[in-house]
Amino acid sequence: MQLQFFPSRRLAIYVARAFLVRSFAVLAMLAIVLMTLDLLGESGDILAVPGNGEAELWHYVGLRLPQIVATFLPFSVLLGTLITLATMNQHSEIVMMKAAGLSAHQILAPLIAAAAAIAVLSFAFNERIVTRASSAFDAWKSVGYGDIPRDSGIKTNVWVREGNNLITAGMVSGRGTAVKLSQIEIFHRVDNHLVDIVRAPRGSYDPANKNWVLEDARRFDVRSGASQRLGTIRNGEGIRPDQFTLAKVDADALDFMALRQAIADLRDAGRPTGSLEASLWHKIARPLSSLLMPLLGSVAAFGLARSGHLFVRAVIGMSLGFAYFVADNFALAMGNIGAYPPLLAAWAPFLLFLLLGEAVLIRTEE
């Protein structure tokens, strides 16, 4: 038995090229069909807006197509694996490779190497194109495919946490160090018991002293029930301005580093981040799912084609691949509601089916 993973450079290129051609051909077919069906379903709503025409339909395609490609790329890799291996099995190419001394892992090595390249390409595509398309698409769809109004930058009912203390602002305007707060309330707590409440109609950030200037503040003592006028005071030394300007975070519309920074800001603000952390790690785990597809679909490669079981083996490989996608979506949903820890929600299906695919391959052939 050969010890190298790629005993023959020519054979590795032949297998990898056949796999890539079939995978991207399947992806193109799926993208065209699904994009056509999606456009037919939404074209009525797009054209119902006065002033929209053919240009808006193509704009919709440009925003929606990257999402479809990113979603169905792993499916295409799975189907490309099954078609490639089943065809080689039917033409006795797998038998010739084994007769030359290649093991099952050496036969699959070119497919796995090509799938690794697809995973890297998928991650880059998601980071640079899909996130921007998702952000623009969600904003356009939220206004019914009409004109997107400019963001005023004003947010309401924002709260943050500083240690045990809670700070709320009825209205937040501005950006960076020019943030202005209105209707401010600070709830001071000791051992989770409310001690006093400080209220101020206005507040602004002082970048020189890195604290907040509250004007016309008043203090209400919970125990005595007395109210005291404080005037202009300084507070919130540990609170950054961006903690008040954080809006709703859409994990699909942010790249990995931006989402990681948003999670850190939300954590500093005392907001829950479990679902976003699961989505953060899933940005890596989902492209890597392409690496699993040759392993899960390898059951179609081995076994005699003339035995009549080739179709059954292909169905088994497809079932294993689709079972992974079901488990992956289920785990991510559990992570979003806090039932699973973020790392478990993102990586458990990948590791489980990696072991399962390896076990099936060893049991089948090795």
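It should be emphasised that the depicted structure is a prediction, and the values quoted were computed from it without experimental measurement.
- Looking at Arg17, its side chain never comes within 3.5 Å of a backbone N or O of Ile13 through a donor-acceptor pair.
- Between the side chain of Trp212 and the backbone N or O of Ile239 there is at least one donor-acceptor pair closer than 3.5 Å.
- A donor-acceptor pair is defined here as one N or O able to donate and one able to accept, closer than 3.5 Å; no such pair exists between the side chain of Ser135 and the backbone of Arg132.
- Of all heavy-atom pairs spanning Ser134 and Gln67, the tightest one is OG-NE2, 3.0 Å.
- Distance alone, capped at 3.5 Å, places no donor-acceptor pair between the Asp328 side chain and the Tyr324 backbone.
- In this structure, the side chain of Asp206 engages the main chain of Ala208 through a donor-acceptor pair within 3.5 Å.
- Side-chain atoms of Glu42 do not come within 3.5 Å of backbone N or O of Leu39 as any donor-acceptor pair.
- Between Met35 atom CE and Ile68 atom CD1 the span is 4.5 Å, to the nearest 0.5 Å.
- A salt bridge links Asp216 and Arg229; the closest N-O separation between the charged side-chain nitrogens and carboxylate oxygens is under 4.0 Å.
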side-chain contact (heavy atoms from CB on, under 4.5 Å) between Phe330 and Tyr340, intermediate numbers included: CA-CA 10 Å; Phe330 176 79; Tyr340 287 177; 3.6 Å; yes
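- In terms of heavy-atom proximity, Thr87 sits nearest to Ile83 at OG1-O, 2.6 Å.
- Between Lys283 and Pro287, the closest heavy-atom pair is O-CD, 3.0 Å.
- In terms of modelled atom types and a separation under 3.5 Å, the side chain of Glu277 and the main chain of Leu343 share no donor-acceptor contact.
- Taking 4.5 Å as the limit, every side-chain heavy atom of Pro201 sits out of range of all side-chain heavy atoms of Gln183.
- His188 and Asn164 share no side-chain donor-acceptor pair at under 3.5 Å.
- The backbone N or O of Gly53 sits less than 3.5 Å from a side-chain atom of Glu56, completing a donor-acceptor pair.
- More than 12 non-hydrogen atoms from other residues, nucleotides or ligands lie less than 6.0 angstrom from CZ of Arg189.
- The aromatic ring centroids of His59 and Trp140 lie less than 6.0 Å from each other.
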Yes or no on side-chain contact (heavy atoms from CB on, under 4.5 Å) for Asp221 and Ile197, after CA distance, side-chain angles and deciding distance? CA-CA 7 Å; Asp221 187 271; Ile197 303 173; over 6 Å; no
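- Distance alone, capped at 3.5 Å, places no donor-acceptor pair between the Asn209 side chain and the Asn211 backbone.
- Here the closest non-hydrogen pair linking Ser76 and Leu30 is OG-CD1, 3.7 Å.
- Atom CD1 of Ile129 sits about 12.0 Å away from atom CG of Leu63, to the nearest 0.5 Å.
- Contact between Ile284 and Phe123 at its shortest, heavy atoms only, is CG1-CE1, 4.2 Å.
- Side chain of Ser23 to main chain of Leu20: no donor-acceptor pair is present (N/O by atom type, distance under 3.5 Å, no hydrogens or angles).
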